Amino acid sequence: MGVGGGVGEAAAVSAAEEAGKDGEGPGRGWRVKDTFADYAARTSFERPLLSGVAYALRVVHADRESFERQQGWIIKTMKHEPSPVQDEYAPVIYSQETVSYIEGLDMMSGEEDRENILRSRASGKAVLTRPFRLMSNHLGVVLTFPVYLDDLTADAKEEDRVKATAGYLGGAFDVESLVENLLRQLAGNQELVVNVYDVTNNSNPLLMYGSEVPLGNPSPSHICMLDFGDPCRKHHMICRYRNKPHVPWSAITPSSCVFVILMLLEYIIYAAWSRYDNVKEDYRKMEELKKQAEAADVAKSQFLATVSHEIRTPMNGVLGMLDMLLDTDLKSTQRDYAQTAQVCGKALISLINEVLDRAKIEAGKLDLESVPFDLRSILDDVISLFSSKSREKGIELAVYVSERVPEILLGDPGRFRQIITNLVGNSIKFTEQGHIFVQVHLADHSNLATEAKVEPVANGMNGHKNETTAVATSVSCNTLSGFEAADSRNNWENFKLLLSYEKNEMPYESVSDKVTLVVSVEDTGIGIPLDAQGKVFTPFMQADSSTSRTYGGTGIGLSISKCLVEIMGGQINFVSRPHVGSTFTFTAVLQRCDRSAVSDSKPVMLHPLPSSFKGLSALLVDRRPVRATVTKYHLQRLGITSEVVATIELALGAFSGRNGHSLASRKLPCMLLIENDSWSSKVDVPLRSSLLEMKQNGQTPVLPKIVLTAAESDKLKGNYAVDSVITKPLKASTLAACLFQALGITQTQLSHEKQDSSGSLRGLLLGRNILVVDDNKVNLRVAAGTLKKFGAKVECVESGKDALALLQIPYKFDLCLMDIQMPEMDGFEATRHIRAMEAKANGEADTGDDSEVDRATRAGKWHLPVLAMTADVIQATHEECTKCGMDGYVTKPFEEKQLFQAVQKFLDPGMST
């Protein structure tokens, strides 16, 4: 086998790598084979002296059976017979089309090829065979290159070279065809006679090409050496004219031709070696660049962790001290100052989290949790977060979740909440009138496609000729607030169609456990300018500079939301009309989760609603059907059935049964819920009088409770004779609290359900001994103050070594909060020492040696819960916490809810059992 041109480098390395992969299927093998043949054919102009190139793979006998099974053929000898058993084989797997007849043949079965292969791999150099008859029946030689799996040094031992051999690359020099072609091109009018000899054995030269018959009239001859790259073999070429030249200058032509031939051959071999060396050098550089990129990625993660820790650590002290300050007796002005500082600090922490989230997304290291959660509770929390701002602006803020959306879903509640919070926060920021409406439906029933388009109307795109003339219409629309919405399909007719799906269709069933939700956030704000809509999801971009100054913000929230939606397997898009509003719609793929499948290892955070209202009924007075449907949704969550009428007159008619109005169930409602815009001082007294008259006439045995829904409860309740006022925005918990008061139902169940996380946390920490380890004295004061507020007994140390001195078995502490980054001994190393000490004690307890272990030690396995106090939120830090033996972590600054979740499974007897 031999080699030439440029195929010896790239094709050899590629063939060795692809052929060496385990489990290569036939389809992949044929693709690599075709690629080799195509590449060799395309680059054949670089090897004009070669009749073809091929690659043979080194196969030991132990791998022969699996190799033949993968290739789909058996290894054969040069005589096309099954190859006999031997230590190793060299079957040809890739070849140029001109020599494809040798595929599947074992090069080790030929005497010349076997000798060539053994010499080449032992020396690491190109090796030539002695002249022999090729399979084309022409006399020729084969040049063989070894292909190694690893880079070897120049002084590598022979056994190392044999062990590292992957295969053999080579090509055949058909000497007869080669010389004839060259003579045909160079001879011109003079006929040349060329003889090529193998003079390795000087005493018995072997004729490789030409005739030994002497010429009648010999002309002067020229003898030159041929170097094929193998120092072990020598070749001579003798050139002369068949006839004596008639002119003197013609004698120069053969010599020049021979010189050109020699130079060409030497250049081909030199180019082949140079190309091979270049490919090896490029591969080495590529590996170095890969290592540098990996190191840069690690450095970036470490930088993020350090920056997060260094920024959040002082912020932990600021927010912690402000929280402790607010627990003291302050004047109203002082309390206002402290609360303002606390809000600003939390805003800064939120900004830091957003920047870190963006960095983690770019690094591809943002992982999603998969825990059970209650979607409706999360939406209630988001509504609560923005309720104060919506009341200040006087805008409607409402949420509606389809009945077909499962109660408990499996996914990442934190990231889902982050998306909703970003979208609703933007809507609150840019909306001054109208409403913000959040809807959640199943994708199977929703027509709120993510690639929504607003139908053009006569006066221009999106209903406006240009941005400057776009103004919101004053005509009342059938929406939540009566203001026009950006997406024309979010109207009452489509909303009513979705409701009919919920009531009339068969129960939703799916072969897969996956649930695709369609979530839309609709607002009637200022909208997005047409020229800025293309860069809405670009990080750190605002619609324009004036927007950034007027409304604030970093322009990163929507970018993060888009990335999170895509990680959840969904898409996000929007429809916006300047001066009308915007509607953002996204999909998210979650999983179903039954209550019975919720385990202790994945506790679901639920906010149970009271069951005291089940079986009650109500009558709603609301002239807007979308808003009435939202109220019915919240009543239905409490177990209250309801019917809707448009006016108070129709409500009185429904109670009395006159004018053709009657309740469908004929079950008189116990409450009358009236929307604020349907109420006035003129109907206050007449309504009470009419209801009293109905009671006296026996039309209703009990007067229904009158409840108003409005943004300001105290002012309305003082001005009107109503039983209660429900403060908007509506959510099930506030609705239940108002109805308890209005209906006079005992609140034993409610008081039990109202036990918040701080109360539960006090029950867990009361009287507990807790060790806090942190090198920052401010953080120690904050942590100690927070824990002591809930009744814990706290001891503080400033280093890992001091902590180990106190943590001696038997432990006197119930829990240890350990900072991660500390001088001398960090939290990771300290935890490893603690776990090693526990392992030793538990091992001695198993031996039962009274001289070394007391009875208390043998009573049970020692394991002190250790929670990391970390100021960074990088995933790698959390993984390191688990690896070193920590039981969990709490982020700085402390949050009561998070602290409760972290310590509950260690300090709550019910959870531990």
Side-chain angles (χ1 to χ4, degrees), residues 307-357 381-395 397 417-418 420-432 436 525 540 542 546-557 560 711-715 727-729 731 734 756-758 761 776-790 871 873 890-899:
V307 168
S308 172
H309 184 275
E310 294 303 323
I311 296 178
R312 293 171 69 95
T313 295
M315 284 306 303
N316 170 53
V318 172
L319 293 178
M321 287 300 178
L322 286 173
D323 190 49
M324 295 171 64
L325 178 62
L326 289 171
D327 287 337
T328 62
D329 293 331
L330 298 175
K331 297 179 181 179
S332 59
T333 304
Q334 294 172 332
R335 182 169 297 276
D336 179 60
Y337 291 163
Q339 289 175 342
T340 302
Q342 190 178 47
V343 169
C344 294
K346 289 182 178 180
L348 180 57
I349 286 290
S350 177
L351 176 60
I352 294 170
N353 291 339
E354 287 184 344
V355 174
L356 290 174
D357 282 345
D381 292 342
V382 175
I383 292 297
S384 299
L385 184 63
F386 297 104
S387 59
S388 176
K389 194 69 173 178
S390 66
R391 285 194 293 267
E392 288 179 10
K393 290 190 170 187
I395 57 179
L397 177 59
R417 184 199 309 267
Q418 185 176 359
I420 298 292
T421 302
N422 280 339
L423 296 179
V424 176
N426 282 345
S427 295
I428 288 285
K429 185 190 303 181
F430 296 108
T431 303
E432 299 298 331
I436 298 170
F540 305 104
Q542 292 279 7
S546 62
T547 300
S548 181
R549 287 195 299 268
T550 304
Y551 296 97
T554 61
I556 196 175
I560 294 174
E712 297 181 359
S713 59
D714 297 336
K715 187 180 298 183
T727 305
K728 287 189 174 183
K731 62 176 185 173
T734 57
D756 58 9
S757 62
S758 62
L761 186 58
N776 189 297
K777 294 184 179 181
V778 176
N779 287 341
L780 281 179
R781 291 181 60 187
V782 170
T786 302
L787 295 173
K788 289 178 180 178
K789 182 172 67 175
F790 298 109
V873 288
V890 290
T891 58
K892 301 176 184 178
F894 280 158
E895 292 183 0
E896 295 177 9
K897 184 177 180 180
Q898 184 202 26
L899 186 60

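Source: prediction; values computed, not measured.
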In Å, rounded to the nearest 0.5 Å, how long is the span from [atom1] of [X] to [atom2] of [Y]?
X	Y	atom1	atom2	result
N779	M321	CG	CE	9.0 Å
L322	D327	CG	CG	11.0 Å
M324	L319	CE	CG	13.0 Å
D381	T421	CG	OG1	9.0 Å
L325	Q342	CG	CD	9.5 Å

Any [X] side-chain heavy atom under 4.5 Å of [Y] side chain:
X	Y	result
I436	K393	no
I420	R417	no
I395	E432	no

Notebook entry, point to check: If you take all heavy atoms of A338 and L326, which pair is closest and at what distance?
Noted result: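 Of all heavy-atom pairs spanning A338 and L326, the closest is CB-CD2, 3.6 Å.
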Notebook entry, point to check: Which atom pair, heavy atoms only, marks the closest approach of P729 to R391?
Noted result: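 Heavy atoms of P729 and R391 come nearest at CD-NH1, 3.7 Å.
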Next item on the list: Take L397 and K728 through the side-chain contact (heavy atoms from CB on, under 4.5 Å) test and state the conclusion after the steps.
Entry: CA-CA 8 Å; L397 177 59; K728 287 189 174 183; over 6 Å; no
For [X], enumerate each residue passing the side-chain hydrogen bond (donor to acceptor under 3.5 Å, both in side chains) test, keeping only those at least two apart in sequence or located in another chain.
X	value
R781	none
Q418	D357, R415
S384	K731
S427	D523

Notebook entry, point to check: Does K777 have any side chain to side chain contact (heavy atoms under 4.5 Å, CB included) partners at least two apart in sequence or in another chain, and if so, which?
Noted result: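 In terms of side chain to side chain contact (heavy atoms under 4.5 Å, CB included), with neighbours along the sequence ignored, K777 is linked to E798.
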Note to self: Which residues pass the salt bridge (charged side-chain N to carboxylate O under 4.0 Å, His left out) test with K389, not counting sequence neighbours?
What the structure shows: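 Applying salt bridge (charged side-chain N to carboxylate O under 4.0 Å, His left out) to K389 gives none.
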